[in-house]
Amino acid sequence: MPLTVGTAGHIDHGKTSLVEALTGKNTDRLPEEHERGISIDLGYAPLELSDGTSLSVVDVPGHERFVRTMVAGASGIDLFLLVIDAGEGARPQTHEHLAILHLLGIEHGVVAVTKADAVDEETLELAIEEGRELVPGAAVVPVSAKTGAGLGELRAELAAAADCVPGGQAERPTRLFVDRVFTLRGIGTVATGTLWSGSIGDGDELRAEPGGLPVRVRSVQVHDRPVERAEAGQRVAVALPGVERHDVARGDALVVPGAYPASYRLDVSLDELEPVRDGARVHAHLGTADVPARVVRLGERLAQLRLSRQVVAMRGDRVILRGETTLAGGLVVDPAPPRHRDEDRALLVERGEIAATIHEPVRLDSLHHLLDGEPEGVERAGGWVFSRSWLDDLEQDLGQRIDTADPLDPGVAVPSEPWASDVLPLLPFERRGAKLCRAGATASLGARAPEAEMRERELADAGLRVAKMDDDELTRYLEATGKLVRLGDGHAIGRGGYEVARDVMLGECRATGGITLARFRDLLGIGRRDAQLLVERFDRDGLTRRDGDRRVLRRAATHPTDER
Ligand SMILES: Nc1nc2c(ncn2[C@@H]2O[C@H](COP(=O)(O)OP(=O)(O)OP(=O)(O)O)[C@@H](O)[C@H]2O)c(=O)[nH]1
Ligand SMILES: [Mg+2]
């Protein structure tokens, strides 16, 4: 099983020299690194051990300004190689790096007390003792990169530590956190990174998340050597044909489509080095991503991280929170939680009681990162899951609103939520256009029936005369039951009157090609305002349109069978 080992330790303590002594490769490749004699960016080298263990070494910078780079390098490693200068002993970044390793859950590794050639026996003993106290449980090996002393023992201890690392990453879906992107002539964009899980090979169709950019993988290399497929734990370079250099960046992840959610929020269980207050603004490091974030405390131990960019996480991932210094680690409990400040929910999710967190509908496919298969004890409709009690509440609430709705116009607006079309058929209501009613409900007038009848008679008696309607409820009822036709400005006309007026208009238009307002008024013997209201209604009904001072028929109304 290929594994990645990451260096750690204070600036100038000899990390890069030790990696070179072990692997033969100088991992400082930037000119500035050579000029200043310090590491600035991450360096990589392969290390084959005599027992066949193949390790990828990630060399990290020790400078306090580059701790965030160290975090990017240390995320995803399996083993640590903590380097302590025999003459100097542990210094600030020795402690900070060690704390970060702890927060990342990296338990196995070796301590190298280096530059052994440069100190006397007693000083060396003191440094070894300090190493043992600092990292109980790890082998502490005195070495010299200069003379090569101790390197054999260091290799053996690395092999022994590698044996303790649990496997299992190979079975998970592919996820490669990108740490470098560059362009090679003739090849195009190349991305490198450590393969966290799964495998990657020529022709694989992946997504660069969080952007969701589809990519097709070409020519996979492990430490500059072409391979057919690379496995979890390996240091990988892949060509991405057709992808622009700036479409992918450090912090992105190449993943199997749909296997990991991209999310602006993470629910985490915190391990604090310093108290992290509610609302604190921090940098959240996950994989090679480094994202400004706000901490929303959910209680003693749990928090929701609100991120300024999406990240691609899964349950069990480790996050490092930093301000000026390293503040805390977080174990991801929910990689794509809803926006909430609900400790109970987070506690349930942490315990794996996912079904208990489901009330209103959530998409089933949004849960697959929290559990295998389907949650038990919840209702399902289409792609949605929700609780029985939520559905009962919905039925009750809609029922109540329908019952108190206007009896003349029964029903309530159909809920517009995305689940509506899947969930509403489960309820005993009837959908009529944009309304939801009790099955079989019709408009009824109740106690106002005599009043409505009287109004209806008045309108019928009025014939072609337009009436002002001042009772909105009655008007709507009479309209809904086909007794009147509404005109503009709060006016209406009885259905019979409307039909006579319309027929007169249609007859004239068909005979002469159009009708003026004056002609229409004269033919009906009504006032100018009433005539005006009527022709406006004809316009609205799509029967007529204006043409100079006349109304002419719209095409749909020119044929007699179109009359309604
Ligand atoms: N005498 C002696 N000097 C060493 C040994 N290892 C490293 N050095 C010297 O220590 C200095 C720092 O070594 P580096 O390997 O660059 O240290 P580093 O930990 O990688 O430093 P950063 O990456 O900047 O944190 C260099 O001048 C090395 O020559 C050693 O085993 N013996
Ligand atoms: Mg270095």
Side-chain angles (χ1 to χ4, degrees), residues 4-47 55-75 77 79-101 109-128 130-131 134-135 138-155 157-158 179-180 235 288 322 325-326:
T4 304
V5 55
T7 61
H10 198 72
I11 185 167
D12 261 353
H13 275 202
K15 297 177 290 298
T16 305
S17 306
L18 186 56
V19 170
E20 188 173 2
L22 285 168
T23 67
K25 183 171 171 187
N26 186 317
T27 53
D28 281 347
R29 62 198 156 74
L30 304 175
E32 196 189 343
E33 293 181 316
H34 289 283
E35 275 159 34
R36 293 173 64 183
I38 61 169
S39 300
I40 294 170
D41 205 354
L42 302 172
Y44 302 95
L47 173 59
L55 298 176
S56 283
V57 184
V58 184
D59 183 40
V60 306
H63 195 297
E64 64 173 319
R65 294 254 322 276
F66 306 139
V67 175
R68 35 196 293 202
T69 307
M70 181 273 172
V71 174
S75 297
I77 65 172
L79 287 170
F80 62 81
L81 173 57
L82 180 69
V83 174
I84 303 176
D85 184 320
E88 287 209 356
R91 300 289 311 277
Q93 269 64 56
T94 318
H95 297 291
E96 187 169 13
H97 286 191
L98 197 55
I100 289 165
L101 292 170
V110 181
V111 180
V113 173
T114 193
K115 308 194 195 180
D117 61 282
V119 296
D120 58 37
E121 195 68 19
E122 199 180 333
T123 313
L124 186 61
E125 272 311 316
L126 281 173
I128 292 170
E130 189 179 20
L134 220 49
V135 199
V140 180
V141 184
V143 295
S144 167
K146 202 170 174 182
T147 67
L151 293 182
E153 192 190 340
L154 181 59
R155 283 199 177 86
E157 291 297 353
L158 282 170
D179 48 47
R180 280 175 64 207
R235 170 83 202 150
T288 50
R322 300 195 76 242
T325 58
T326 303

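Start at 1 and go down the list; that is how both ligands and their atoms are numbered. Excluded from the calculations below are hydrogen atoms, water molecules and symmetry mates; all remaining heavy atoms, backbone and side chain alike, are included.
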Ignoring hydrogens, tell whether any protein atom lies closer than 4.0 Å to atom 28 (C) of ligand 1; use the non-hydrogen atoms only.
->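 At least one protein heavy atom is under 4.0 Å away.
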Does some non-hydrogen atom of Ser144 fall short of 4.0 Å from ligand 1?
->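 The answer is yes, since Ser144 has a heavy atom less than 4.0 Å from ligand 1.
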Do Arg29 and Asp59 meet the salt-bridge criterion of a basic N to acidic O distance under 4.0 Å?
->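 Between Arg29 and Asp59 there is no salt bridge, as every charged N stays at least 4.0 Å from the carboxylate O atoms.
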Side-chain ion pair, Glu96 and Arg322, N-O less than 4.0 Å |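 Looking at Glu96 and Arg322, the cut-off is met.
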Write out the residue and atom name of the closest protein heavy atom to [atom], then the distance separating them to 0.1 Å.
atom                    : result
atom 26 (C) of ligand 1 : Ser17 OG, 4.6 Å
atom 32 (N) of ligand 1 : Asp117 OD1, 2.7 Å
atom 24 (O) of ligand 1 : Ser39 N, 3.0 Å
atom 16 (O) of ligand 1 : Gly37 O, 4.1 Å
atom 5 (C) of ligand 1  : Lys115 CG, 3.4 Å
atom 18 (P) of ligand 1 : Lys15 N, 3.4 Å

Where [X] and [Y] come nearest, the two heavy atoms and their spacing:
X      : Y      : answer
Gln93  : Gly62  : CG-O, 3.4 Å
His97  : Gly9   : ND1-N, 2.9 Å
Gly131 : Ile84  : CA-CD1, 4.1 Å
Ala21  : Arg155 : O-NH2, 4.2 Å

Are any of the N/O atoms in Ile38 less than 3.5 Å from those in ligand 1?
->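 Such a contact does not occur with ligand 1.
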Judging by distance only, is a nitrogen or oxygen of Asp28 under 3.5 angstrom from one on ligand 1?
->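 For ligand 1, there is no N or O atom that lies under 3.5 Å from one belonging to Asp28.
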Can you tell me if Thr16 and Thr27 form a side-chain donor-acceptor pair at under 3.5 Å?
->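 Note: Thr16 and Thr27 side chains miss the donor-acceptor criterion.
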With distance as the sole criterion, is a donor-acceptor pair present between the side chains of Thr288 and Asp179 under 3.5 Å?
->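 Per modelled atom types, Thr288 and Asp179 side chains form no pair under 3.5 Å.
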Measure the spacing between [atom1] of [X] and [atom2] of [Y] and express it to the nearest 0.5 Å.
X      : Y      : atom1 : atom2 : answer
Leu124 : Lys115 : CG    : NZ    : 13.5 Å
Leu22  : Ser17  : CG    : OG    : 11.0 Å
Ile77  : Leu55  : CD1   : CG    : 11.0 Å

Sort by chain and number the protein N/O/S atoms that are closer than 2.8 Å to the Mg ion (ligand 2), and list them.
->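 Checking every protein N, O and S atom gives Thr16 OG1, Ser39 OG.
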Mind checking whether Thr16 contacts ligand 1 via backbone (N, CA, C, O), side chain (CB onward), both or neither, at a 4.0 Å heavy-atom cut-off?
->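 Answer for Thr16: both.
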Of the choices Thr7, Ile11, Asp12, which has the non-hydrogen atom that lies closest to atom 12 (C) of ligand 1?
->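 Going through Thr7, Ile11, Asp12 one by one, Asp12 has the nearest heavy atom to atom 12 (C) of ligand 1.
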Minimum non-hydrogen distance to atom 17 (O) of ligand 1, winning option of Gly9, Ala149, Ala86, Gly14 =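 The residue whose heavy atom sits nearest atom 17 (O) of ligand 1 is Gly14.
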Could you tell me which atoms of ligand 1, counted from 1 in the order shown, lie closer than 4.0 angstrom to a heavy atom of [X]?
X      : value
Lys146 : 1 (N), 2 (C), 30 (C), 31 (O), 32 (N)
Thr114 : 31 (O)
Ala145 : 6 (N), 30 (C), 31 (O)

Can any side-chain N or O of Thr7 pair as donor or acceptor with the backbone N or O of Val60 at less than 3.5 Å?
->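 At least one qualifying donor-acceptor pair exists.
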Main-chain N/O of Asp85 paired to His13 side chain as donor or acceptor, under 3.5 Å =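 Present.
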Write out all pairs satisfying salt bridge (charged side-chain N to carboxylate O under 4.0 Å, His left out) with one or both partners inside residues 7-23, taking only residues at least two apart or from two chains.
->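 Non-adjacent pairs meeting salt bridge (charged side-chain N to carboxylate O under 4.0 Å, His left out): zero.
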